[in-house]
Amino acid sequence: QVQLVESGGGLVQPGGSLRLSCAASGSIFSIGTMGWYRQTPGKQRDLVARITKGGSTNYRDSVKGRFTISRDNAKNTVYLQMNNLKPEDTAVYYCNAVQMGFPPVNYWGQGTQVTVSS
């Protein structure tokens, strides 16, 4: 079992920055790729960024150049640095971790609200 606890959300103005953190606990030895997804009411949960244990990253096109995902394996924590935030970034952001195995198992954080508004 893996538990993911998120922090760092809040209300910011357009152009502002936030840093999200997600700390994993439990059976952390088996965690592989971690990522961030976001969801607005009535819409699908979509990938924002993901990072492998070795540090390879992938971003959705709309956040490239503005968001940076990173991880600290020693602290079992993944981060999302969000710069130049736009109103369309407003969503609940969910941390995700993949537990390696067959089949792999996905774990999710509780969600943290990010609101970008004047």
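Residues T77 and K75 come closest through the heavy atom pair OG1-O, 2.9 Å. What you find for N83 and S17 is that their closest heavy atoms are OD1-OG, 2.9 Å. Looking at every heavy atom in both residues, V114 comes nearest to G9 through CG2-CA, 4.3 Å. Closest non-hydrogen pair, P104 versus V98, comes out as CB-CG1, 3.8 Å. Between A91 and R38 the shortest heavy-atom distance is CB-CB, 3.7 Å. Nearest heavy atoms, L4 versus V2: CD2-CG1, 3.9 Å.
One finds the CZ atom of R19 at 10.5 Å from the OG1 atom of T68 (value rounded to the nearest 0.5 Å). Atoms CG and OG1, from L85 and T115 in turn, are 10.5 Å apart once rounded to the nearest 0.5 Å. Between atom OH of residue Y59 and atom CG of residue L80 there is a gap of 7.5 Å, rounded to the nearest 0.5 Å. Of the inter-residue distances, the one linking D46 atom CG with W36 atom CH2 reads 16.0 Å to the nearest 0.5 angstrom. Taken to the nearest 0.5 Å, the OH atom of Y79 stands 5.0 Å off from the CG atom of D72. Considering SG of C22 and CH2 of W108, their distance stands at 10.5 Å, rounded to 0.5 Å.
A donor-acceptor pair under 3.5 Å links the side-chain atoms of S27 to the main chain of Q1, judged by distance alone. Between the side chain of R50 and the main chain of N58, no donor-acceptor pair closer than 3.5 Å is present. Side chain of Y107 to main chain of I31: no donor-acceptor pair is present (N/O by atom type, distance under 3.5 Å, no hydrogens or angles). With T90 contributing its side chain and V116 its backbone, the two residues share a donor-acceptor pair below 3.5 Å. Under a 3.5 Å cut-off, the side chain of E6 and the backbone N or O of C95 do form a donor-acceptor pair. Under the 3.5 Å distance criterion, the side-chain polar atoms of N106 are left unmatched by any main-chain donor or acceptor of N96.
The side-chain heavy atoms of I69 and V78, taken from C-beta on, include a pair separated by under 4.5 Å. Residues R66 and D89 are in side-chain contact: their nearest non-hydrogen atoms beyond the backbone lie under 4.5 Å apart. The closest side-chain heavy-atom distance from K53 to R71 is below 4.5 Å.
In terms of hydrophobic clustering, with Ile, Leu, Val, Met, Phe, Trp and Tyr side chains grouped at heavy-atom distances under 4.5 Å, V48 and V12 are assigned to a common cluster. Criterion: ILVMFWY side-chain heavy atoms under 4.5 Å apart, direct or through other members. Under it, M34 and V105 are part of a common hydrophobic cluster. Two different hydrophobic clusters hold M82 and Y37 under the rule that ILVMFWY side chains link at heavy-atom gaps under 4.5 Å.
The local environment of CD in E88 is crowded, with over 12 non-hydrogen atoms from other residues, nucleotides or ligands closer than 6.0 Å.
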